[in-house]
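Note: hydrogens, waters and symmetry copies are ignored here, and every other heavy atom, side chains too, is used. Read the numbers this way: they start at 1 and go in the same order the structure lists the ligands and their atoms.
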Amino acid sequence: ADSYVGFDTITQQIEHKLLKRGFQFNIIVVGQTGLGKSTLINTIFASHLMDSKGRFAADEPVRQTTEIQAVSHVIAENGVKLRLNIVDTPGYGDQINNEGCWDPIIKYIKDQHSAYLRKELTAMRDRYIQDTRIHCCLYFINPTGHSLRPIDVIVMKKLSEVVNVVPVIAKADSLTIEERDRFKAMIREEMVHHSIRLYPFDTEDTDEEEVQLNESIREIIPFAVVGSESNVIIDGKAVRGRKNRWGVVNVEDATHCEFVHLRNFLTRSHLQDLIETTAQIHYEAFRSKQLLALKE
Ligand code: GDP
Ligand code: MG
């Protein structure tokens, strides 16, 4: 007799449901004006999602405080829908005195946790809770080649307590490969020195293969990236790139910069883990603190 029951189709049933619903991914970009935040997001997702006009655009006001601006887009690839919330932080780090300029960012991240908790607590009326919790914070470091600024240390530390922080060296084409590698080593030392605990995290659930993968990511962080929304011709082929005083940079060439590593990490290897870690570590920490406070 045929002993096939058919429950192995549950994976297809789950897939069907997930595809219908789509995936929500919320990302925040933090760093001074002009560091290429908008350009990088547009390059990663191969779509023009954010205005990338730069510091000297005529209609850009000089901001006295950090603003929070969120935009939503749905992008699709082979039938998989990704709902993206991209949160920009114009004005961050642009002042002479930057004391407290991170407060609106931390508040925004916590507010999303708080909104989610409220929806969770008001019974199970919504079958599916709209998720605005930030899954990833791309932190843009000035390519000075020297060291982190005090504000970078303070803010990455504060952010890493509430969100998955992924540091990147912005506009890495302004450094030579040697300068870049020295800068990366220095930044890594400073992170250790200031006990900044960065994503990815290994937990009891992390298997051997994932531990290896996470280790290889830690060896690259901070990603030295170059973004571009226009093409350059290299060997007769049009590629995403930039011309600078040393020549042409192919954004997608791993010998030129680490853009491809960052994109693979964000979209191909850790997208699901960023989402899960947000729920299981950052949101859970927020939630248990809130619930404890309620009891007191
Ligand atoms: P944002 O203010 O951080 O969002 O920066 P934008 O994305 O608007 O970029 C500011 C300016 O820097 C624009 O003129 C971009 O073309 C340029 N830019 C963006 N990314 C890079 C990069 O990786 N390298 C270099 N050299 N310039 C870049
Ligand atoms: Mg921008």
N/O donor to acceptor pairs below 3.5 angstrom from side-chain atoms of residues 155-171, sequence neighbours left out:
{"from": "K157", "atom 1": "NZ", "to": "H194", "atom 2": "O", "distance (Å)": "2.8"}
{"from": "K157", "atom 1": "NZ", "to": "S195", "atom 2": "O", "distance (Å)": "3.4"}
{"from": "S160", "atom 1": "OG", "to": "M156", "atom 2": "O", "distance (Å)": "3.0"}
{"from": "S160", "atom 1": "OG", "to": "K157", "atom 2": "O", "distance (Å)": "2.8"}
{"from": "N164", "atom 1": "OD1", "to": "H282", "atom 2": "NE2", "distance (Å)": "2.8"}
{"from": "N164", "atom 1": "ND2", "to": "H135", "atom 2": "O", "distance (Å)": "3.0"}
{"from": "N164", "atom 1": "ND2", "to": "L274", "atom 2": "O", "distance (Å)": "3.1"}
{"from": "N164", "atom 1": "ND2", "to": "T278", "atom 2": "OG1", "distance (Å)": "3.3"}
{"from": "K171", "atom 1": "NZ", "to": "G34", "atom 2": "O", "distance (Å)": "2.6"}

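Applying the 4.0 Å criterion to heavy atoms of D173 picks out, from ligand 1, the atoms 22 (C), 23 (O), 24 (N), 25 (C), 26 (N). Close approach of ligand 1 to T33 is summarised as follows: ligand atoms under 4.0 Å from at least one heavy atom of the residue are 2 (O). Annotation for ligand 1: atoms under 4.0 Å from non-hydrogen atoms of V226 are 23 (O). Proximity to G227 (heavy-atom distance under 4.0 Å) selects the following atoms of ligand 1: 20 (N), 21 (C), 22 (C), 23 (O). Close contacts of ligand 1 with T39, meaning ligand atoms under 4.0 Å from a residue heavy atom, involve 6 (P), 7 (O), 9 (O), 15 (C), 19 (C), 20 (N). Atoms of ligand 1 found under 4.0 Å from any heavy atom of S38 (numbered from 1 in listed order, with element): 4 (O), 7 (O).
For atom 16 (O) of ligand 1, the choice among Q32, R242, K243 with the nearest heavy atom turns out to be R242.
Remark: E208 engages Q212 in a side chain to side chain contact (heavy atoms under 4.5 Å, CB included) (not counting sequence neighbours). Residues passing the side chain to side chain contact (heavy atoms under 4.5 Å, CB included) test with I220 are K184, F223, E258, H261, sequence neighbours excluded.
Residues R21 and K17 fail the side-chain proximity criterion, which asks for heavy atoms closer than 4.5 Å. Side-chain contact between T43 and V251 is present, with heavy atoms from C-beta onward closer than 4.5 Å.
Defined by atom type and a distance below 3.5 Å, a donor-acceptor pair is missing between the side-chain atoms of N98 and Y92. No hydrogens or angles considered: nothing links the side chains of N142 and T144 as a donor-acceptor pair under 3.5 Å.
Within a 6.0 Å sphere centred on CZ of R218, heavy atoms belonging to other residues, nucleotides or ligands number more than 12.
Ligand 1 lies less than 4.0 angstrom from a heavy atom belonging to G34. At a 4.0 Å cut-off, not a single heavy atom of N244 sits close enough to ligand 1 to count as contact.
Polar contact check, A172 against ligand 1: no nitrogen or oxygen pair lies under 3.5 Å apart. Among the atoms of L35, some N or O lies under 3.5 angstrom from an N or O of ligand 1.
Of the heavy atoms in M50, none comes closer than 4.0 Å to ligand 1.
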Test E229 against R240 for salt bridge (Lys or Arg N to Asp or Glu O under 4.0 Å), laying out the working first.
-> CA-CA 7 Å; E229 287 189 78; R240 279 272 176 265; over 6 Å; no
Side chain to side chain donor-acceptor pair (under 3.5 Å) evaluation trace for Q32 with R149 = CA-CA 12 Å; Q32 264 180 293; R149 296 173 309 164; 2.9 Å; yes
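F201 and Y199 have perpendicular rings, their planes meeting at more than 60° on a 0 to 90° scale where under 30° would count as parallel.
Residues I14 and F23 share a hydrophobic cluster, clusters being chains of Ile/Leu/Val/Met/Phe/Trp/Tyr side chains in contact below 4.5 Å.
Each protein N, O or S atom less than 2.8 Å from the Mg ion (ligand 2) was counted, giving 1.
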